[in-house]
Amino acid sequence: MHVSQSFRKLAKILARLTKTLVETTLPHAAKPVFVWDEQLPGFGVKVLPTGIRKYIVKYRAQGGGRSAPQRWFLLGTHGAITCETARTLAQKVLGQVASGVDPQSQRFEMRSDATLKEIWERFEQGELQSKKVGTQEGYRLIWRNNIEPKLGQYRANVISRADIDRLHKNLRSTPYHANRVLALLSRLYNLAEAWGVTKQGINPTKFVERFQELGRERFLSSNEIIRIGKALFEAGPEISLEAKAAIRLLLLTGARRNEILRTEWDWVDLQERVIRLPDSKTGKKLLYLSDVALGVIEGLKLNRIAGNKWLLPGKVKNHPLYDLKGPWRKVCLAAGLSGVRLHDLRHTSASIAVNLGASLAIIGRVLGHRQTQTTSRYAHVDIDPALEVVNSIGNAIGNALTTKNM
């Protein structure tokens, strides 16, 4: 069965699963794509925005029926197992379901001596799936890099407050990250308590003192913006055209990094001068395009790769630009800047708008702030004032980032 590229953008696809179909189904930037097998109902593959493909079985427990709880059973990752192996495993799982067995519940019948890794695996296959893709990636990095190597193999009931405190303090050089590690551990223990794996009230993270997190606000001066523009203009092939455009757009729109990197051409409305994000950290969002930003996008349009949906395609075929850290380090080195993060471009865009006299409500609309009290104030504002602000930001940045210097 031939599945067109446009059809694959849908959240659900029905076809017979084959190795070719699994590998050619394109990921969506903001949500998983599901392909369900038409011959074995419930058997499917979940294509994550990262490109990872996981074989799954979806079924109804307790004999089925609409009122029965729905279960998701992870069979394995494509590459680690083949499509045919996954099909065989799915048949076994569905056979158990038909005989009245709930395989997922059996998998999660955890003993009181369960290891922290077993608790993580249940969390990863359950609650974590409902989180946004960026959150999932962040949790997995924390688990792999910080928690699993130190504590993963130990039984949850024997890990002490001293063990957690030691892990936390070893990360004192990065206090924000250290606190995120502690927060994930706390969540795992709260869930383990709810599942009956640990005793009530023994969460060892409870009395570990969090590090103070000092807000870090760094705003680029006009001179620094000019130096960045010069560095982008003079950079050779070591920095791709897409990376240069991404840095310019981050500063010109005040967008978050992934909002720009995962933009699809279909979301770009040049006539209305906006990028319509179907999802973001704060839900649906508009990115407003100034004259200068439109020039950057027009330049990308001239070099657009036929059939590629990404505004900023990466080196891997049919995947977006993924890493800006390397190019940004090179730009900062050439511009003579130190201690400047990509996220500081967003701060700078906001600070320019403030200096130009824009209201906080309009700035909130431009940047897509998540505070409810802010969104309630600017939800009714027309698009025109927001476009006026981003145009002012573009004009204030001036020739430093103009497409004439690309």
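Note that the coordinates shown come from a computational prediction; the quantities given were computed from them, not determined experimentally. This chain uses plain numbering: 1 for the first residue, then up along the sequence.
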State whether the side chain of [X] and the backbone N or O of [Y] hold a donor-acceptor pair below 3.5 Å, judged by distance alone.
X      : Y      : value
Arg210 : Val208 : yes
Trp310 : Ala29  : no
Asp165 : Arg161 : no
Arg346 : Gly254 : yes
Thr263 : Leu311 : no
Thr24  : Thr20  : yes
Asp269 : Glu272 : yes
Ser221 : Glu224 : yes
Tyr189 : Ala156 : yes
Arg53  : Val22  : yes

[Y] versus [X], side-chain donor and acceptor atoms under 3.5 Å:
X      : Y      : value
Arg140 : Gln136 : yes
Asn203 : Asn190 : yes
Thr88  : Thr85  : no

From CA spacing to verdict: ring-ring contact (aromatic ring centres under 6.0 Å, His included), Trp120, Tyr154: CA-CA 12 Å; Trp120 160 262; Tyr154 294 109; over 10 Å; no

Quick one: pull up [atom1] in [X] and [atom2] in [Y] and give me the separation to the nearest 0.5 Å.
X      : Y      : atom1 : atom2 : result
Leu17  : Leu40  : CG    : CG    : 9.0 Å
Glu148 : Thr115 : CD    : OG1   : 9.5 Å
Gln96  : Lys92  : CD    : NZ    : 9.5 Å
Glu124 : Ile119 : CD    : CD1   : 14.0 Å
Trp265 : Ile297 : CH2   : CD1   : 6.5 Å
Asp323 : Lys315 : CG    : NZ    : 9.5 Å

Under-4.0 Å salt bridge between [X] and [Y]:
X      : Y      : value
Arg122 : Glu118 : no
Asp37  : Arg16  : no
Arg273 : Asp291 : yes
Lys309 : Glu264 : yes
Lys19  : Glu84  : no

With respect to His168, which candidate in Asn146, Leu182, Val181 satisfies the side chain to side chain contact (heavy atoms under 4.5 Å, CB included) definition?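 Of Asn146, Leu182, Val181, side chain to side chain contact (heavy atoms under 4.5 Å, CB included) with His168 is met by Leu182 alone.
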
Side-chain touch [X]/[Y], heavy atoms, less than 4.5 angstrom:
X      : Y      : result
Leu89  : Phe43  : no
Phe34  : Ile56  : yes
Pro320 : Leu261 : no
Leu287 : Val274 : no
Leu116 : Leu185 : yes
Lys117 : Gln153 : no
His78  : Val45  : no
Thr253 : Ile275 : no

Phe211 atom CZ, neighbour heavy-atom count above 12 within 6.0 Å: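 Counting neighbours around CZ of Phe211, more than 12 heavy atoms of other residues, nucleotides or ligands fall under 6.0 Å, so yes.
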
Heavy-atom count around Glu209 CD within 6.0 Å, excluding the residue itself: above 12?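 Open: at most 12 neighbouring heavy atoms sit under 6.0 Å from CD of Glu209.
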
Which atoms form the tightest heavy-atom contact between [X] and [Y], and what is the distance?
X      : Y      : value
Leu151 : Ile159 : O-CD1, 3.9 Å
Ala255 : Leu250 : O-CD2, 3.6 Å
Gly42  : Trp36  : O-CZ3, 3.5 Å
Trp328 : Val340 : NE1-O, 2.9 Å
Arg248 : Phe233 : NH2-N, 4.2 Å
Leu75  : Ala90  : CD1-CB, 3.9 Å

Would you please test Leu277 and Lys284 for side-chain contact (heavy atoms from CB on, under 4.5 Å) and show each step? CA-CA 6 Å; Leu277 301 179; Lys284 289 185 179 181; over 6 Å; no

Might you work through the side-chain contact (heavy atoms from CB on, under 4.5 Å) test for Tyr59 and Trp72, ending with a clear yes or no? CA-CA 7 Å; Tyr59 64 92; Trp72 295 75; over 6 Å; no

Could you give me the CA-CA distance, side-chain angles and deciding distance for Asn223 and Arg227, then say whether side chain to side chain donor-acceptor pair (under 3.5 Å) is met? CA-CA 6 Å; Asn223 178 263; Arg227 283 151 56 189; 3.0 Å; yes

Partners of [X] by side chain to side chain contact (heavy atoms under 4.5 Å, CB included), sequence neighbours excluded?
X      : value
Ala243 : Ile239, Ser240, Leu321, Leu324, Pro327
Leu302 : none
Ile202 : Asn157, Thr198, Lys199

Measure from NZ or CZ of Arg71 to the centre of the six-membered ring of Phe73 and say whether it is under 6.0 Å with the direction within 45° of the ring axis.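 Ring-cation test returns no.
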
Just do the side-chain contact (heavy atoms from CB on, under 4.5 Å) check on Asp344 and Leu220 with the steps written out, would you? CA-CA 8 Å; Asp344 293 329; Leu220 297 171; 5.5 Å; no

Out of Arg262, Arg257, Arg256, which residue meets the side-chain hydrogen bond (donor to acceptor under 3.5 Å, both in side chains) rule with Glu259?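 Among Arg262, Arg257, Arg256, the one that satisfies the side-chain hydrogen bond (donor to acceptor under 3.5 Å, both in side chains) with Glu259 is Arg256.
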
Step-by-step side-chain contact (heavy atoms from CB on, under 4.5 Å) determination, Lys58 to Gln70: CA-CA 7 Å; Lys58 183 174 70 170; Gln70 189 176 85; 3.7 Å; yes

